[in-house]
Structure formats: C-alpha cells, structure tokens
Amino acid sequence: MDKNYPPREIEPRWQGFWEKQHTFKVSEESNQPKYYVLEMFPYPSGRIHMGHVRVYAIGDVIARFKRMRGYQVLHPMGWDAFGLPAENAAIKNKVPPAKWTDQNIAAMQDQMKALGLSFDWEREVATCKPEYYRWNQWLFIKMFERGLAYRKEATVNWCPDCATVLANEQVVEGLCWRCDSAVTQKALKQWFFRITDYAEELLSACDTLTGWPERVLTMQRNWIGKSQGVEVNFTLEDPSETLKIFTTRPDTLFGVSFMSIAAEHPLLPKIIAGRKEAPAVEAFVQNLLEQDLTVQTAVEQEKEGVFTGAYATNPLTGDKIPIWVANFVLMGYGTGIVMAVPAHDQRDFEFAQKYELPVKLVIQNETGDLALPLEAAHTDPTGTLVDSQQFSGLAPKSAQEKIMQYVEEKGLGKRETHYRLRDWGISRQRYWGTPIPMIYCENCGVVPVPESDLPIALPQDLPLGEGGNPLLKDENFLNTNCPKCNAPALRESDTMDTFVDSSWYFLRYASPKETEVPVNQGLANRWMPVDQYVGGIEHAVLHLLYARFFTKVVRDIGLINIDEPFSNLLTQGMVIKDGAKMSKSKGNVVDPNHLIQTYGADTARLFSLFAAPPEKDLEWSDDGVQGSFRFLQRVWRLVVAFAESQPALSSDPVDYSSTSTRVKNLRRLTHQTIKKVSSDIEEGYQFNTAIAALMSFYNGLSKDDADKAPSSAEALQHAAAFSQAINTLVILLSPFAPHLAESLWEILGKPASIMDVKWPDYDKSAILEESIEVVIQINGKVRHRFQAEAGTVDAVLQERALADPKTISWIDGKAIRKVFVIKGRLVNIVI
RNA sequence: GCGAGAGUGGCGGAAUGGUAGACGCGCCAGAUUUAGGAUCUGGUGGGAUUUCCUGUGGGGGUUCAAGUCCCCCCUCUCGUACCA
C-alpha cells in the first residue's frame, strides 16, 4: 500500500462516488430534524478565488457536521447570474451574455466539485434562467397589485459608466459601488419598491435576530435611521405659506434665531420671487446643484448659505425668523427646512458664527456657567431650560414631551417619525436582467402582464455595445397589445436591479422546480428559515436588508409563515496576502486551482479553516499551507501503518473498568478530543481550535503504538482503545478533510461511506483525570506545584500545600493571613 | 464626529477572573541521508542563570488572584455621516 498521501488520486475518486451515490441529495421524507445551511451564492465570473474557498469550506464543515449529527441538511448552491459583467464581456468578446454566463457556471461548478463541497446540485438555480426570473416578474406583479411596486419620476443616482440608475444603497461615498465612477443626478421615471412601508418592522425585528453579529444589526439600524420628533409649522406672510420644519429637539424651539432651507426646496422660488435678494439666491442654488455627489457629500464641506430676504414667524414665540438657504440642509430628509438653534446645535453654531447671526441661549448647563458668547454649541440634552416662557426651569427631556404636547394642542404642528431609509429604486436601463413585466397602453395606462403570459423572456441575440439599452430598440420585444383593451401597446424596457434576484433565492431552494408559484408553501415552511447563513460583511446592508424585506412581502402575499429569513448569520473575514485583499491589480492572487493541483482540496479546506477564526481576516501563508498538508500526510501514514498491522479484535464491547494508566490516558485523550472538537464546532464555529485539537490528538497517538500481537488482558484493552482512537481521529477529521477521511475509512476496512457514520459522543467517565497538578501561589504569584489524586478535598489540598517544604521556605516564618483553595486547581496563600 | 471591532512571542493565533503563549509556521540542535529535499526526535516570550526577575498597547482601579472586569488615554481596522 502507498505510504504517501495521494490527494490527486483519491479526491476525484470520492467526488465521483458521492455524485453517483447522490450522497448529498436531501429528501423531504424523513422525520429527522431539518437544518438549512446556506452560503451566499456567487456571481458566475468564471473562476473561483480564495474567498470562495473559505466561505464554502466554512459552510461545508457545518453541513457535514450537522449531517453526521443526525439532521436532514439542506445545503444548496446556485448562481447570481444576471448583471453587468456578462454584458461587458459580451461587448468585448462578441459572445452573447447567456452563453458567456453558462460557460462560467460550468467552469465554476467544476471547481466547486473539485473542492469536494457537499452541495445538493439537484436544487441548483441560476437567476438568469426564465424558470427562475419568471418568478421575479410574478412577485413584481403581486407587489404592484398591493401598491408595493410603483412608478414615479424621481431624481435618481445615475452612473454614467454603467449607463444605469443605482439605488441609494449602491452609491458609496458618491461613487458607483461597482465601477467607482462619480455618480450624477438625473430625473427619470422609475419603478420603486415601497420598502419604507416595512421600515418599522425591519427595524424592530432587528431585536429578534439574536444569531446575527451585533455590528451587522447596528449597520441595518443606522441605515433605516428612525428618528422621532415633531413637525412645527412656521408661517410666512408674504407670500402666505406654511413652512414645516422637523426637529427632534423641541426643547430648543425658543432658541431659534434663523431658519435654513434646502437649495432644491420647491417653495424656494416662491419665497424669493420679487425680492432684491433673488439673483444672489439663484446664483447660489445654481452653483450648488452643479456640484456632483462626491463634492456634495465631502467630509470637510464648508458650511455656506445666503439670506433669502424673507422672514417666517416662530409659532411659539411670535419672533420673526430670517430664512437662509444653506448647503447642509438635505431635501431628502425631514421637510427640507430646519429651524436653526445655534446655541444648541453645532452646525447652526458654525453657520451663525460665519454669518454673524444671533445666538440665543435657552438651555443652561448643569454647572450653570454657560454664558454668551459661546465657544461651541451646548448640544447634549442636560441642564435646565431658560428664557423659554412657561417651560423655563424644566429639564430638556421633560420639556421635549411638554412642548410636543403644547404644539399638538395648539394645532401648531404634530409628532412625526422619520426614516433615513428611502424606497428602493429597481429600474435598470440594461439588457442582462429580468424584464419588468409591465405594459403601457394609451387607453388604460400602466397595465401588468397577465400571469398566464409569464415569463416575459429576455430576447436573445440582441446587438450590444451600441449605447443605451438594446431592449429599447427591439421592436419585437417592445410592441405588444394591451391585456385590457387589446390596443397596440408598449412594453417596459427597463430590467430589474439584480439585487431583486438575490432577495428570495433562498426560498426557491426549498422547491426549485415548482411550476405554479415561486415557492411551494409546504416545502418553504418546512425548510425556512435558513438556520445558518454564511457570507461576506459587504452585504451587511444591501443584500441582507433586501432579503429581509422580500421575506416579509412573500409572507404577506401568503406563501410562507416566517418573518425573518436567516436565524443565524456568520460573516467571514477576507482572505488577504501581504497585508492587502487579494486582487488582480495588486498581483497577490493565489489561484485555488493551483493549490488543489499541488496539495489537494483537503489541504486547501483545512488551511483556510485553521489559519484564523472564521470572522477574522485570514492572512495567506504558503508555509502555513505546507503545514496543513504535512498534518494530513502524517495522519495518512499513521492510519495506513495501523491498518497494515491491525490485530484482529473481537467486536464485543471491551470492559475498561480496570486497566492500566497507559490505556486510561489513551482513552482520555480520545474522548477529550471528541468533546473539544464537538463543542468548538457547535459553540461558535471555532474551526481553528477544533483542528488544533485534532493535531494534538495525532501528536498523542503518534507517541503511542498499537500492540502488534496483544496477549495480556491489558494489551487487548490497549489494542481496542487504540483502534477506537484511530477510528475517532478519521471520523472527527471527515468534515474538514472528507476525501482523506473516506479513503482512510476504506483502508481501515470499513464500508463506505464515512459520511453515513454517526458523529461520536464522548464517554464522561473516560475523560476524568486520575491525578491533577495543583499550583501553589504565594500572594497570587505561582511558586511551585504538586501532584494530587483527582477528587482530593480542598482541606487536604490546603494541608499538603502548607506542609510542602518549598512553601515553608517561601513563607519564611511570616504569618499566614488567608488561604484560598480553587477546587482541583490551585492554592493561594496570602501572607 | 458617531457606531462597531481589535491591540498577546519573529509570524498566524490559544487561554469558563485561577499555571499566559494551546496548535501551526519559522528558527535552533540532534538523528537519518553521498548531498539537498523529505522524514523523525528534542528545544524555542525576553533577561539573568541553576531554584530568580520580567512580560498580553499606556495609565489608574476592583480582587486573595486581571490578557480577561471597571474608568481614562493611545493606536489600528471596518462601517457610516451635515439625518435637523
């Protein structure tokens, strides 16, 4: 038999075996508990990278472990296959996007299979297939019927390079999330999903997501951005208008000394009409609107503004308040007009300083030493209200409530809750996406495509790369008849944001071939929610928020009865090399194919799990890969050598109640390892320490040899214990290095497959220590140790510690003040 | 600014308030080998050296006992931002 570990020989063999045996096909006909583990599906770029290896290795260990623990495990894979790269590649290489995508899927599927990932490939989905995207269209129509999909003209984020609209979530610091071009603003008629209808539930349900990392929840909460406050009506006499402001600090209403209005505010032209200030205001506004988003959102943007010439009345004080246009007021948040309280808001303070506007102190701080002129705004809500009529003397918190009551009673305004979250713009002016299933009829207006006409298929073989959306030029696609009046009508030519595709794919895996509805109710309810979702932190807001939204919509349509899609979320770190994320431009990419060719898939998997805990970034190390390979090599040799000289043992259970220390040590190591590896996987996916425990297990076994021809009773016990240790090592290693485990299992003469073997339980009596090492501390410092029998009572440990000659010399005749005994661990003597 | 996380050997990383540095890499020594590689054995925080001192970003504190808990500060990473 070959003494050397031959990954290139065994890996393809077992991959073929699993495929032929349908080892990972999951059935619904079982009363075993279900477990749904899912890794975020990839974009089919054509090649997997180390980040993929890492995320799928994590998910695969979980899947294999749960399967051995007796769960029915759903572990599917698919392709997030619509999107711009296919279109760009098509233009460059003159290959249709569908063909390019199919080739990439085939190539990546081969690579995934070469990693030995335990996917149920019979459930594979690809979002670019009509049998998938027809359900995007179906869901869109249901959402349209429920008022959750609507069309409006809006100023939208436009990426000139991608020639399409972007959602707010896809604009990163004023740049396109995909290509880093500066995003501009454009007015277009667009389709939106009314995600804001779900803002409150999306926010409050964050509290139920106890299996999610806190930072992801924080990011979601911040993105939704709820703030509660009050809208107050300030009045303008000439022209007669009501100017609504929104504030979360009604306790500062008596300190308003000016107002700021957004440059795009629709009332602004009316306010300045006919005033001498109008030309200056118009010039200011013009200048501001010409800046692109990168400048508008720049960090150190200087606060600037210009006086409109108009004054509004503060309804609480009757004061005349000058109205300014200011560059820091956002039209998209609140009412687009803010009351300015320079004494208690830092931005207003800076603005007031620059333009020499009055500052009115209305909250005195706790020490009572605030006086004008202020150095900075007093912004935290502590202290006492002053100069605030009947509210003077109140603490800010209670004043907020009392003033809101007063405002509502007097009809001066009302309480409001605002969210930062905007509705999700999903129209894209691109070809390679799901056609939006709507028809424009001159008589009937906007009409949805009848369900029976779905899918509206994406036409093939359109000329790409001639600028703009090719669907707009395809007469066959565009021209249709109105489903209501049958008059000639036009189809919508926009396609959906690809994030729509990924917002419900996890539901589709429950019934991937269902032809009547997107998700089979019974099956979806059986499998959902996903018990463990694994993916990158970069989706903390975008994908995860949209997926939660869609889950709630599908629930409200009546297809599922769960509220949240993902019970537990694991966000794995990046794979980095030389301190930077692996990327082509940095030239620090490690190709998984090369790794698999050189060391095998099991080494690639083992290393990516061993080198760092899953949430942390993983620093790539060629030497570390070697180390993982060496470990597998050693295990291979140990098991092969054992198998060759394996004594024939009876299958009867062995009685270990009376045996030697050597056998007890061997069994203790075996069972302690079972305990450690199981709990490391189950409690927080600490794969790195689980693998370390397996290495220690190997180290212990390699120092102990099986007896070749056991004759005595002790030797028989030892041979049985050693045999069990070897079997255990192979079983515990199988989720991490499945090919190696299968081969070794075969070499040990066991029937295939090790995948069907039950994960072992540890024997509580076997892990008990016989003797313990007790540490003696003097004043908390470790001084020496002694051995004691396990279970020695505290009083005896104390007695022995105090009687020890070394202890006596350390105490040196001083009085003992106190002695602490920690059971079975240490004795601390305080002198 | 705000929010979250992190700071431990030469490196990746371990440590329910109770022996800091598990495991791996690297390095050192030895064995084997014609040699190299591979493999095996032993050692490896720093400083002294026999029985000691010191050490988890810095400074305080709580405790018999702190990498771990509390307070202040520094640095780094990620996210996010004129949100009224």
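All figures in this text were calculated on a predicted structure; none of them were measured in a lab. In the text below, chain A, chain B and the rest are named by the order of the sequence lines, each starting its count at 1. Note that these values count all heavy atoms, side chains included, but never hydrogens, waters or copies made by symmetry.
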Is [X] close enough to [N] that one of its side-chain N or O atoms is under 4.0 Å from OP1 or OP2 there?
{"X": "A:Arg215", "N": "B:U77", "value": "no"}
{"X": "A:Arg634", "N": "B:C40", "value": "yes"}
{"X": "A:Ser621", "N": "B:G24", "value": "no"}
{"X": "A:Lys781", "N": "B:U54", "value": "yes"}
{"X": "A:Asn688", "N": "B:A14", "value": "yes"}
{"X": "A:Arg630", "N": "B:G26", "value": "yes"}
{"X": "A:Arg347", "N": "B:C83", "value": "yes"}
{"X": "A:Gln686", "N": "B:A15", "value": "yes"}
{"X": "A:Asn828", "N": "B:U63", "value": "no"}

Item to check | Pair A:Gln626-A:Tyr599, side-chain donor/acceptor within less than 3.5 Å | outcome: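 A:Gln626 vs A:Tyr599: donor-acceptor pair found between side chains.
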Next on the checklist: Given the structure, check if the side chain of A:Glu773 and the base of B:U19 hold any donor-acceptor pair shorter than 3.5 Å.
Outcome noted: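 Looking at the base of B:U19, it does pair with a donor or acceptor on the side chain of A:Glu773 (distance under 3.5 Å).
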Could you please name the option among [options] that lies closest to any side-chain atom of [X]?
{"X": "A:Thr218", "options": "B:G3, B:A14, B:U19", "value": "B:G3"}
{"X": "A:Leu826", "options": "B:A14, B:G18, B:G3", "value": "B:G18"}
{"X": "A:Trp810", "options": "B:C53, B:C25, B:A84", "value": "B:C53"}
{"X": "A:Ala611", "options": "B:C82, B:A22, B:G12", "value": "B:G12"}

Item to check | Ranges pairing with ranges for RNA chain B, where each run has three or more Watson-Crick or G-U pairs under 3.5 Å | outcome: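 Paired runs of 3+ in RNA chain B: B:1-7 with B:74-80, B:10-12 with B:23-25, B:26-31 with B:39-44, B:45-47 with B:52-54, B:57-61 with B:69-73.
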Checklist entry - Given A:Arg221 and A:Asp207, is the salt bridge (charged side-chain N to carboxylate O under 4.0 Å, His left out) satisfied, shown in steps? => result CA-CA 10 Å; A:Arg221 289 188 183 110; A:Asp207 297 339; 3.0 Å; yes
Next on the checklist: Would you say that more than 12 heavy atoms from the other residues, nucleotides or ligands in this model lie under 6.0 Å from the NZ of A:Lys675, or not?
Outcome noted: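 Not more than 12 within 6.0 Å, no.
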Checklist entry - Are A:Tyr333 and B:C83 stacked, counting the six-membered base ring, centres under 5.5 Å, planes under 30°? => result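 Here A:Tyr333 fails the 5.5 Å or the 30° condition.
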Checklist entry - What pairs of residues pass the side-chain hydrogen bond (donor to acceptor under 3.5 Å, both in side chains) test when at least one of them lies in residues 816-831 of chain A, not counting sequence neighbours? => result none
